[in-house]
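Heads up, the thing below is written out as structure tokens.
These numbers were taken from a predicted model, which means no experiment stands behind them.
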Amino acid sequence: MIGQRLEVRQGQGLVITPQLQQAIKLLQLSNLELDDFVEQELERNPLLQREEPEGETPEAVERAETGDGEMTFGDGVGEGSVAAMDAGSDDVYGDAAPGERTSDRMTDEAQPGLSDWSSAGKGGSIFEGEGERPDTHEPTLWEHLQAQASSAGFTAADHGIALTLIDATDEGGYLRGELAEFADRLGVPLERIEAVLSVCHGFEPTGIMARSVPECLKLQLIERNRFDPAMAALLDNLDLLARRDLTALRRVCDVDGEDLAEMIAELKALTPRPGAGFGGEPAQTVVPDVHVRPDPAGGWRVELNADTLPRLLVDKRYHGLVQAGARSDTEKTFVADCAAQANWLVKSLDQRAKTILKVSSEIVRQQDAFFAFGVEFLRPLNLKTVADAIGMHESTVSRVTSNKYVATPRGVFELKFFFTAAIQSVDGASSHSAEAVRHRIKTMIDGEGLEGDVLSDDRIVEILKETGIDIARRTVAKYREALRIPSSVQRRRMLKTA
């Protein structure tokens with residue numbers, strides 16, 4: 001019989017609130033992504049403001065930053081742990097709300113130092129003692145090509161086609177895209193696209209706007225009057241040249257060994273990336289999130305990079321003024337939501353900083369031999385080991401180590417670099433880091449030229465087993481290919497040609 005009835009059931013469940021989702025999202029953001037996110041929140045939330053370094057009091061710095069911002073081995077992170085985040089609690093920080101401080105808004109009074117900025121230095125220059133600075137702008141590849149297209153005598157329509165092709169040229173100087181697609185997009189015959197491209201192939205540097213490496217080298221050989229059937233056959237079989245298969249090359253090019261050597265020498269004198277010599281967009285440098293320095297007392301000191309930590313304040317004075325002036329329920333709700341979001345964001349940022357410091361400190365503790373002696377002493381490490389040591393969930397550690405970098409005396413590394421698989425030793429009593437084994441394989445192969453002997457993968461396995469590392473041949477081949485090292489046959493050919 002079908003009917004309706006009411007039932008009351010009790011159960012347990014984990015509900016992820018929007019605030020907790022935001023805190024989890026902040027963990028996996030890089031410092032650049034975090035800065036963009038903070039800028040968006042500053043524009044959206046009138047109760048948030050950035051704390052400027054000027055005019056800070058020691059109390060303000062202490063409340064805005066994460067404790068001392070550093071950790072040495074044996075020290076704790078502090079009372080504000082991140083266990084609440086893993087447990088799914090909304091109250092990540094308890095009652096403390098770091099970053100809350102009464103902040104006065106700017107009044108009509110002039111800010112000291114700003115009024116003299118336009119006339120600082122001599123002659124109105126902001127650099128004292130300097131006049132007008134010369135234009136040091138280096139033309140980019142696209143600017144260089146566009147200038148040549150303007151003086152190439154194109155019609156208006158062909159000039160537009162040339163600019164389209166130039167825009168599709170990458171930093172190396174290669175044209176990316178099919179000509180048929182350009183013809184369909186511009187509504188012109190394919191032959192016209194090819195004619196314009198033929199003129200563009202005469203631009204400097206030679207080989208520019210080629211669609212492949214063989215075509216780029218062909219254009220340079222034509223300019224040198226060295227493109228003949230033998231060279232054409234060589235360009236069609238560059239894969240044989242990469243494998244150093246000189247016997248097959250002599251056969252397909254129909255030349256003897258001396259002629260083939262001269263042809264290869266001519267190819268080596270060419271430029272496979274003609275656009276690489278021009279200025280482009282500046283490379284984005286990696287800004288480390290954590291610094292690791294030797295501690296004078298022994299061990300290592302782990303410190304957060306203060307330059308990557310957003311410094312936000314909740315303007316409580318302005319909040320009080322706006323709240324007192326709110327009349328309608330909509331205005332009161334908006335002010336309350338802004339206050340709640342601002343407080344939670346400040347807490348989440350402080351939480352993120354503490355979590356990064358805690359995870360980084362444990363990684364440094366686990367890999368202290370690497371910092372002292374080098375990559376050969378890198379230990380096997382996984383997320384679970386770090387998570388269990390600091391009382392977090394593996395997913396939290398995974399988010400923290402994504403897109404985070406640490407500056408050490410041995411260089412700048414991504415935090416995920418220190419997590420490597422374990423390779424068992426022959427006796428089974430210990431294990432070796434996969435990264436350390438890869439480094440040992442590379443060291444052995446790098447020494448081949450000096451010893452005059454090329455090591456096969458089987459021989460590398462035997463040498464590693466003699467040192468106590470139990471590894472399979474296919475694993476050695478996988479590591480060698482990951483290091484972009486050719487096989488023993490190819491390396492033997494390279495030694496002969498050298």
Under 6.0 Å from the NZ atom of Lys416, do we count more than 12 heavy atoms belonging to anything else shown?
yes
So how far is it from Asn403 CG to Asn31 CG, rounded to the nearest 0.5 Å?
9.0 Å
If the threshold is 4.0 Å, N to carboxylate O, is there a salt bridge linking Asp259 and Arg250?
no
With a 4.5 Å cut-off on side-chain heavy atoms, are Arg211 and Leu197 touching?
yes
Closest contact, heavy atoms only, Ser398 versus Leu383
CB-CD1, 3.8 Å
Rounded to the nearest 0.5 Å, the CG atom of Asp184 sits from the CG atom of Leu190 at a distance of 9.0 Å
On a heavy-atom basis, the closest approach of Val386 and Val397 is CG1-CG1, 4.1 Å
CZ of Arg438 to OG1 of Thr475, rounded to nearest 0.5 Å, is 11.0 Å
Taking every non-hydrogen atom, the tightest pair across Leu34 and Thr308
CD2-O, 4.5 Å
Using a 3.5 Å distance criterion without hydrogens, assess whether the side chain of Gln220 forms a donor-acceptor pair with backbone atoms of Thr271.
yes
Is a side-chain donor or acceptor of Asn305 paired with a backbone partner of Pro288 at a separation under 3.5 angstrom?
yes
Greater than 12 external heavy atoms within 6.0 Å of Glu178's CD:
no
Report yes or no: does Ser198 contribute a side-chain atom to a donor-acceptor pair with the main-chain N or O of Glu194 at less than 3.5 Å?
no
Please round to the nearest 0.5 Å and tell me the distance separating atom CG of Leu219 and atom CD1 of Ile208.
10.0 Å
Any side-chain heavy-atom pair from Ile161 and Phe154 closer than 4.5 angstrom?
no
Hey, is the main chain of Glu41 close enough, under 3.5 Å, to the side chain of Asn45 for a donor-acceptor pair?
no
Nearest heavy-atom neighbours spanning Leu270 and Arg224:
CD2-CZ, 3.6 Å
For the backbone of Glu204 and the side chain of His144, can you confirm whether one donor and one acceptor N or O come within less than 3.5 Å of each other?
yes
Are any side-chain N or O atoms of Gln367 and backbone N or O atoms of Phe418, one a donor and one an acceptor, separated by less than 3.5 Å?
yes
Side chain proximity check, Asp457 to Arg480, heavy atoms < 4.5 angstrom:
yes
Can you find a pair of side-chain heavy atoms, one from Leu238 and one from Pro214, that are under 4.5 Å apart?
yes
Is it the case that the side chains of His439 and Glu435 hold a donor-acceptor pair, with the cut-off being a distance below 3.5 Å and no angle test?
no
Could you measure the distance from the CZ atom of Phe227 to the CG atom of Leu234? Nearest 0.5 Å is fine.
10.0 Å
Thinking salt bridges, do Asp368 and Arg379 make one under a 4.0 Å N-O criterion?
yes
Tell me the closest heavy-atom pair linking Val302 and Ser360, and the distance in Å.
CG1-CB, 4.2 Å
Taking the six-membered ring for Trp, are Phe413 and Tyr405 closer than 6.0 Å centroid to centroid?
no
Smallest heavy-atom separation, Arg352 atom then Lys404 atom, equals NH2-CE, 3.4 Å
Is any side-chain heavy atom of Arg410 less than 4.5 Å from a side-chain heavy atom of Thr408?
yes
Look at atom CG of Asp254 and say whether more than 12 heavy atoms of other residues, nucleotides or ligands are closer to it than 6.0 Å.
no
Validation row: Arg50, Glu39 side chains within 4.5 angstrom (heavy atoms)
yes
Decide, yes or no, whether a salt bridge links Asp228 with Arg226 under the criterion of side-chain N to carboxylate O below 4.0 Å.
yes
Before accepting this row, confirm whether a basic side-chain N of the pair Asp170/Arg176 lies closer than 4.0 Å to the acidic partner's carboxylate O.
yes
Give a yes or no on whether the backbone of Met392 and the side-chain of Thr396 come within a donor-acceptor separation of less than 3.5 Å.
no
With ring centroids as reference points, do Phe371 and Phe377 lie under 6.0 angstrom apart?
no
Does a side-chain heavy-atom distance below 4.5 Å link His201 with Glu215?
yes
Under 6.0 Å from the CG atom of Asp256, do we count more than 12 heavy atoms belonging to anything else shown?
yes
Flag side-chain contact, heavy atom, 4.5 Å: Ile485 against Arg491:
yes
Hey, could you give me the CG/CD distance between Asp167 and Gln146, rounded to the nearest 0.5 Å?
6.0 Å
Does a donor on one side chain sit under 3.5 Å from an acceptor on the other, for Glu223 and Thr206?
yes
With side chain to side chain contact (heavy atoms under 4.5 Å, CB included) as the test, would you mind laying out the steps for Gln341 and Cys338 before giving the verdict?
CA-CA 5 Å; Gln341 288 293 332; Cys338 287; 5.9 Å; no
